[in-house]
Amino acid sequence: MSRAGAAVTFSAALLLAGCAGQTTRKPPIEIFPDMKRQPKLEAQEPSAFFADGRSSRMPVPGTVAQGRLEEDPGFATGVVNGMYVGRNPLPLDEAVLARGQERFNIYCAPCHDRAGTGRGIVGQRSLWLANSLHDDRIKQMVDGEIYFVISNGRRTMPGYRFQISERDRWAIVAYVRALQRATSGTIEDVPPDLRRELR
Ligand code: HEC
């Protein structure tokens with residue numbers, strides 16, 4: 001081995017010996033402290049600075065967390081003054097219905113099936129049976145009540161307010177209405193110039 005080779009091997013051995021895995025209670029030598037210790041208070045840490053002994057201040061009454069401002073409680077909850085909102089606040093256009101259909105097929109169809117008759121895959125594989133959304137009782141609910149059921153669940157149905165945004169929940173309500181309407185359509189609902197294609 002050349003001299004240079006021997007020197008490289010020797011210094012590599014020294015370096016490795018430096019990380020031989022022994023533990024020590026001594027703090028490492030710190031050339032630059034890199035802000036490892038900061039004069040700050042952790043969450044919930046007591047402090048003598050304020051009279052109440054807390055380091056954090058209580059939020060001012062009425063404080064709203066960022067992104068949680070509910071300017072329209074009816075839109076957010078489906079309930080106004082203790083009554084279900086009567087009509088879907090979203091415009092009932094093609095984009096809203098398409099979004100509602102997509103979200104329904106993701107979030108509701110596993111139990112209620114894509115047509116809403118309550119024979120989804122969950123009920124086929126278990127005893128957890130969902131309702132048919134075509135029951136007269138559910139057809140007669142106002143939009144806000146369906147929104148409320150999606151948000152908070154009812155009896156054995158879980159709530160979906162954490163998974164589905166408010167806007168999407170209303171879009172789903174619109175689509176549930178379209179599904180319900182679809183089973184009670186008559187030829188009168190078809191524009192006259194398209195009727196011939198159905199016969
Ligand atoms: C995990 C299964 C499951 C999913 C997913 C689910 N549901 Fe349900 N749903 C049920 C069950 C079970 C019931 C029957 C509740 C009962 O009567 O105990 C029900 C009942 C309902 C009812 C009737 C409530 C009543 O007053 O009887 C509506 C409306 C409804 N679901 C809408 C929806 C919509 C819309 C979605 C999609 C956002 C959805 N559900 C997703 C299981 C589910």
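Each ligand, and each atom within it, is numbered from 1 in the order the structure gives.
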Evaluation steps, side-chain contact (heavy atoms from CB on, under 4.5 Å), between R177 and D143: CA-CA 8 Å; R177 289 311 190 195; D143 290 344; 2.8 Å; yes
Can you tell me if CZ on R154 sees more than 12 non-hydrogen neighbours from other groups inside 6.0 Å? yes
Rounding to 10°, state the angle centred on atom 8 (Fe) of ligand 1 that links SD in M157 with NE2 in H112. 180°
Contact region, I150 to ligand 1, non-hydrogen atoms below 4.0 Å, reads side chain
Relative to ligand 1, is I138 under 4.0 angstrom through side chain, backbone, both or neither, heavy atoms considered? side chain
Side chains of Q180 and V176, heavy atoms from C-beta outward: is any pair under 4.5 Å? yes
Would you indicate whether the side-chain heavy atoms of L97 and L92 approach each other to under 4.5 Å? no
Among all protein non-hydrogen atoms, which one is nearest to [atom], and what is the separation to 0.1 Å?
atom                    : value
atom 29 (C) of ligand 1 : L133 CD2, 3.8 Å
atom 26 (O) of ligand 1 : R154 NH1, 2.8 Å
atom 38 (C) of ligand 1 : C108 SG, 2.6 Å
atom 15 (C) of ligand 1 : T156 OG1, 3.4 Å
atom 3 (C) of ligand 1  : C111 SG, 2.7 Å
atom 14 (C) of ligand 1 : N131 OD1, 3.3 Å
atom 27 (O) of ligand 1 : R137 NH2, 2.7 Å

Numbered atoms of ligand 1 (with element) below 4.0 Å of W128, judged on heavy atoms: 1 (C), 12 (C)
For Y107, is at least one N or O under 3.5 Å away from an N or O on ligand 1? no
Any N or O of R155 that comes nearer than 3.5 Å to an N or O of ligand 1? yes
Between [Y] and [X], does any NZ, NE, NH1 or NH2 come within less than 4.0 Å of an OD or OE carboxylate oxygen?
X   : Y   : answer
D52 : R54 : yes
D93 : R99 : no
E45 : K40 : no

Given N152 and Y160, is the side-chain contact (heavy atoms from CB on, under 4.5 Å) satisfied, shown in steps? CA-CA 7 Å; N152 303 297; Y160 284 90; over 6 Å; no
Is it true that S151 and R169 share a donor-acceptor pair across their side chains at a distance under 3.5 Å?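 Checked: R169/S151 side chains pair up, N/O donor to acceptor below 3.5 Å.
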Just to check, does [X] reach to within less than 4.0 Å of ligand 1 when the distance is taken from its heavy atoms?
X    : answer
R169 : no
V149 : yes
M141 : yes
L129 : yes

Given H134 and L179, is the side-chain contact (heavy atoms from CB on, under 4.5 Å) satisfied, shown in steps? CA-CA 8 Å; H134 301 281; L179 282 179; 4.2 Å; yes
One pair to check against side-chain contact (heavy atoms from CB on, under 4.5 Å): L133 and F104. What are the steps and the verdict? CA-CA 12 Å; L133 301 179; F104 181 92; 3.7 Å; yes
